[in-house]
Amino acid sequence: MRGFFITGTDTGVGKTIITSGIAAVLKEKQINIGVYKPLLSGISRENPESDTHLLKEASETSLTHEEITPFVYKEPLAPYVAGKQEERSIYLKDVLHHWDRIKGKHHYFLVEGAGGISVPLGPDFLVSDLITALDLPAIIVTRPNLGTINHTFLTVKYAESLGIKIAGIIINGKNSGFDLAEETNPEVIAKQCGVPILGVTPKLEELNKEAVKEMIKQHIDLSKLINQMEMEAMK
């Protein structure tokens with residue numbers, strides 16, 4: 001399967017913003033792109049503010065909300081924990097079953113996880129297990145401020161220890177004012193992790209499709225990702 005898995009160093013780092021923005025730009029370039037976020041908690045998938053709705057709107061996919069996100073929990077918790085509250089367990093095989101039903105509907109896919117790379121999604125699997133099962137290269141979204149070097153380094157090294165290929169890192173949410181940590185962190189992260197920095201994106205005041213798409217165009221080098229997708233398509 002061709003595409004990327006977007007994961008993060010933590011919850012709230014902006015995975016959905018980045019994923020939806022990339023999807024919107026790829027769609028504008030007439031690339032046949034689909035989206036898949038298998039688990040969602042704390043909000044209904046049809047809610048206009050949900051990750052599922054934002055991904056569907058950005059990608060303009062014909063996939064339904066349910067096809068994009070087959071599993072939804074009421075409580076805003078890690079999916080495994082939310083599932084325990086409802087006495088409902090989802091297993092890796094369940095997520096892969098739904099994936100098999102939609103993966104042929106687009107040439108490429110962006111798959112988004114939940115929280116960080118080690119978040120438990122079910123009784124027997126983490127986000128990292130899903131990445132491995134889908135065999136997609138990962139894009140790691142991280143925050144820009146103090147403390148991000150450690151979180152990013154640990155995420156990268158953990159992924160590499162599992163044999164997960166990392167396409168690059170996106171540092172999201174840089175403040176408009178001067179912050180010494182935010183200014184110096186990208187160079188340190190690139191050197192320490194040995195992984196390309198695909199871009200550093202600013203904190204947006206207004207989150208809508210066009211604003212996010214323009215942010216991606218201006219601050220992320222998608223040429224590397226597109227080239228990688230095209231190379232995979234030729235195999």
Exercise. Could you walk me through whether Val127 and Phe5 pass the side chain to side chain contact (heavy atoms under 4.5 Å, CB included) check?
Worked result: CA-CA 10 Å; Val127 171; Phe5 194 108; 3.9 Å; yes
Exercise. Counting only N and O atoms by type, is there a donor-acceptor contact under 3.5 Å from the side chain of Glu86 to the main-chain atoms of Lys74?
Worked result: yes
For this session: Determine whether more than 12 heavy atoms belonging to other residues, nucleotides or ligands lie under 6.0 Å from atom CZ of Arg88.
Result: yes
For this session: Begin from the C-alpha positions of Val200 and Glu183 and carry the test side chain to side chain contact (heavy atoms under 4.5 Å, CB included) through to its verdict.
Result: CA-CA 10 Å; Val200 179; Glu183 295 295 330; over 6 Å; no
Problem set entry | Gap separating the CD atom of Glu214 from the CG atom of Leu204, nearest 0.5 angstrom | 11.0 Å
For this session: First locate atom OG1 of Thr7, then atom CD1 of Ile117, and finally report the distance between them rounded to the nearest 0.5 Å.
Result: 5.0 Å
Exercise. Does any N or O in the side chain of Arg45 come within less than 3.5 Å of the main-chain N or O of Thr69, such that one atom is a donor and the other an acceptor?
Worked result: yes
Exercise. Looking at Val141, Ile140, Ile170, which hits side chain to side chain contact (heavy atoms under 4.5 Å, CB included) with Lys15?
Worked result: Val141
For this session: Mind listing the closest non-hydrogen atom pair of Pro38 and Val111 along with its distance?
Result: CD-CG1, 4.4 Å
Problem set entry | For Ile90 against Phe125, the heavy-atom pair lying closest together | O-CE2, 3.3 Å
Exercise. Any luck finding a side-chain donor-acceptor pair between Ser20 and Glu57 under 3.5 Å?
Worked result: no
For this session: Answer yes or no: does atom NZ of Lys217 have more than 12 heavy-atom neighbours from other residues, nucleotides or ligands under 6.0 Å?
Result: yes
Problem set entry | Non-hydrogen side-chain atoms of Tyr91 and Asp94 separated by less than 4.5 Å | yes
Exercise. Counting only heavy atoms not in Leu207, do more than 12 fall under 6.0 Å of its CG?
Worked result: yes
For this session: State the CG-NZ distance between Leu96 and Lys103, to the nearest 0.5 angstrom.
Result: 9.0 Å
Exercise. Does the side chain of Asn208 come under 3.5 Å of the side chain of Glu206 through a donor N or O and an acceptor N or O?
Worked result: yes
For this session: For Lys105, check side chain to side chain donor-acceptor pair (under 3.5 Å) against everything at least two apart and list the hits.
Result: Glu67
Exercise. Would you find more than 12 non-hydrogen atoms of other residues, nucleotides or ligands less than 6.0 Å from Glu66 atom CD?
Worked result: no
For this session: Find out whether Ser41 and Tyr80 are in side-chain contact, i.e. whether some heavy atom of one side chain is under 4.5 Å from a heavy atom of the other.
Result: no
For this session: Check for a donor-acceptor pair, side chain of Glu182 on one end and backbone N or O of Asn175 on the other, with a separation under 3.5 Å.
Result: yes
Problem set entry | side chain to side chain contact (heavy atoms under 4.5 Å, CB included), paired with Glu112, selected from Leu39, Thr52, Val35, Asp51 | Asp51
Problem set entry | All side-chain contact (heavy atoms from CB on, under 4.5 Å) counterparts of Thr148, not counting sequence neighbours | Thr142, Arg143, Thr152, Asn185, Ile189
For this session: Kindly give the heavy-atom pair with the smallest separation between Pro120 and Ala78, and that separation in Å.
Result: O-CB, 4.2 Å
For this session: Report yes if the side chains of Leu121 and Phe71 come closer than 4.5 Å at any heavy-atom pair, otherwise no.
Result: no
For this session: Might you point out which heavy atoms bring Val119 and Ala114 nearest each other, and give the distance in Å?
Result: CB-O, 3.4 Å
Problem set entry | Flag side-chain contact, heavy atom, 4.5 Å: Val72 against Ser44 | no
Problem set entry | Where Leu110 and Ala23 come nearest, the two heavy atoms and their spacing | CD1-N, 3.7 Å
For this session: Ignoring hydrogens and angles, tell me if any N or O in the side chain of Asp100 forms a donor-acceptor pair with the backbone of His97 under 3.5 Å.
Result: no
For this session: Check whether any side-chain heavy atom of His98 lies under 4.5 Å from a side-chain heavy atom of Ile102, and answer yes or no.
Result: no
Exercise. Taking the side chain from Lys37 and the backbone from Gly113, do they hold a donor-acceptor pair closer than 3.5 Å?
Worked result: yes
For this session: Check the surroundings of atom NZ in Lys84: do more than 12 heavy atoms from other residues, nucleotides or ligands lie under 6.0 Å from it?
Result: no
Problem set entry | Glu28 and Lys213 ion-paired at < 4.0 Å | yes
Exercise. For the atom pair CD1 (Ile149) and NZ (Lys191), what is the distance rounded to the nearest 0.5 Å?
Worked result: 11.5 Å
For this session: Keeping the roles fixed (side chain from Lys56, backbone from Leu63), state whether a donor-acceptor pair exists under 3.5 Å.
Result: yes
For this session: With side chain to side chain contact (heavy atoms under 4.5 Å, CB included) as the test, would you mind laying out the steps for Tyr36 and Val95 before giving the verdict?
Result: CA-CA 10 Å; Tyr36 186 47; Val95 176; 3.6 Å; yes
Exercise. Is the shortest heavy-atom distance from the side chain of Ile164 to the side chain of Leu136 under 4.5 Å?
Worked result: no
Exercise. Taking side chain as C-beta onward, heavy atoms only, is Ser128 less than 4.5 Å from Tyr158?
Worked result: yes
Exercise. Any side-chain heavy atom of Leu134 sitting closer than 4.5 Å to one from Phe109?
Worked result: no
Side chains of residues 218-229: which donor-acceptor pairs under 3.5 Å do they make with residues two or more places apart or in other chains?
{"from": "Asp221", "atom 1": "OD1", "to": "Ser223", "atom 2": "N", "distance (Å)": "3.1"}
{"from": "Asp221", "atom 1": "OD1", "to": "Ser223", "atom 2": "OG", "distance (Å)": "2.5"}
{"from": "Asp221", "atom 1": "OD2", "to": "Ser223", "atom 2": "OG", "distance (Å)": "3.4"}
{"from": "Asn227", "atom 1": "ND2", "to": "Ser223", "atom 2": "O", "distance (Å)": "3.2"}

For this session: Supply the atom-to-atom distance Leu55 CG to Ile33 CD1, rounded to the nearest 0.5 angstrom.
Result: 11.0 Å
